[in-house]
Amino acid sequence: MVLMHDTLDSAAIAMANSPEGLSAIHSPGCAAAIWSRRPLTSFQSWIDRVDPDRLPKTRTILRSEEVRLAATHVCELCGTPNCEERTRLIDDVSALADIFASLMDTSYLMLRLDVVSTNLCRKFHKDTITARLICTYRGTGTQYGFSFDQAEPQLVQTAPTGTPMIFRGNRWPEHPMSGLVHRSPPIEGSGQTRLILVLDPVTDPNEHAKEQFLH
């Protein structure tokens, strides 16, 4: 694991070469933990070719141990081609859910699989939660940088496709805030379709009852 410090800020981004390295999110002053990995060529080629209308999409609250079954069900509902690569996608979503739930010490997660072909959220921001895991399986990855005095980041980094990232949110107990912000890349008009996994910890599932749907 390597800590990358912005020269104008005391916050750090932890670059990990294994899933265990994501635990750096709990290190003092760590604003984000990023697992640097490269998707298998066969998987990336497959998911880039899937009809956008058949990519899995969902927003639901569930226990982390239920994610595999839910992801399988969503793939079936959406008509995602049933093959070895689909199984690999389901396995990865399930594994990341287990890792994130363990790191956040939570039983429940908000599971989102978003299929995006417009500008989802092009404004740099910090989420009003404790932490969020984001992994872009298809298309341009999440962009991030350090913002000072609410200005746009001068240096913007784009996460490689397939890279899991955990960002601290505004409700993380450690202060002061780091200044690290992120956004979805602006893709409107590019013809690009992104598939994004988003995981949030959920303390009380009843508070989010209206947000639960599979497809």
With sequence neighbours excluded, what pairs up with [X] under the side chain to side chain contact (heavy atoms under 4.5 Å, CB included) test?
X      : result
Thr140 : Thr158, Pro185, Gln192
Arg63  : Glu65, Glu66, Ser107, Tyr108
Pro160 : Thr163

Hey, what do you get for [atom1] ([X]) to [atom2] ([Y]), rounding to the nearest 0.5 Å?
X      : Y      : atom1 : atom2 : value
Thr130 : Ile166 : OG1   : CD1   : 10.5 Å
Phe100 : Leu197 : CZ    : CG    : 10.0 Å
Leu22  : Cys30  : CG    : SG    : 9.5 Å
Ile99  : Ser23  : CD1   : OG    : 10.5 Å
Asp127 : Asn170 : CG    : CG    : 8.0 Å
Arg171 : Lys126 : CZ    : NZ    : 13.5 Å

Counting only N and O atoms by type, is there a donor-acceptor contact under 3.5 Å from the side chain of [X] to the main-chain atoms of [Y]?
X      : Y      : result
Arg88  : Glu84  : no
Arg194 : Ser184 : no
Thr142 : Ala159 : no
Arg86  : Thr80  : yes

| message | I'd like to check the side chain to side chain donor-acceptor pair (under 3.5 Å) partners of Asp200; sequence neighbours left out, ordered by chain and number. | response |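 With neighbours one apart ignored, the set is Arg132.
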Joint cluster assignment, [X] & [Y], ILVMFWY side-chain distance < 4.5 Å:
X      : Y      : result
Val93  : Val115 : yes
Val50  : Tyr137 : yes
Leu40  : Trp35  : yes
Ile34  : Ile129 : no
Leu195 : Trp46  : yes

Between [Y] and [X], is there a side-chain heavy-atom distance shorter than 4.5 Å?
X      : Y      : value
Gln44  : Glu85  : no
Lys57  : Val74  : no
Ser36  : Asn17  : no
Phe146 : Leu155 : no
Arg59  : Met110 : yes

| note | In Gln143, Gln157, His125, the residue satisfying side-chain contact (heavy atoms from CB on, under 4.5 Å) with His182 is His125
Heavy-atom pair with the smallest gap, counting every atom of [X] and [Y]:
X      : Y      : answer
Pro52  : Arg138 : CG-NH2, 3.7 Å
Gly162 : Pro39  : CA-CG, 4.0 Å
Leu180 : Ala32  : CD2-CB, 3.5 Å
Leu89  : Pro56  : CD2-CG, 4.1 Å
Leu109 : Pro201 : CD2-CA, 4.2 Å
Val181 : Pro153 : CG2-CG, 3.8 Å

| field | Derivation and outcome, side-chain contact (heavy atoms from CB on, under 4.5 Å), residues Met104 and His26 | value | CA-CA 9 Å; Met104 296 296 107; His26 291 289; 4.2 Å; yes
| query | Any Lys/Arg nitrogen of Asp91 or Arg68 sitting under 4.0 Å from an Asp/Glu carboxylate oxygen of the other? | reply |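 The answer is yes: the pair qualifies as a salt bridge.
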| task | Please list all pairs passing the salt bridge (Lys or Arg N to Asp or Glu O under 4.0 Å) test where one or both residues lie in residues 92-108, with sequence neighbours left out. | result |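 Passing the test, one end in residues 92-108: Arg37-Asp92.
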| query | Who passes ring-ring contact (aromatic ring centres under 6.0 Å, His included) against Tyr144, sequence neighbours left out? | reply |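 Listed in chain order: nothing, the list is empty.
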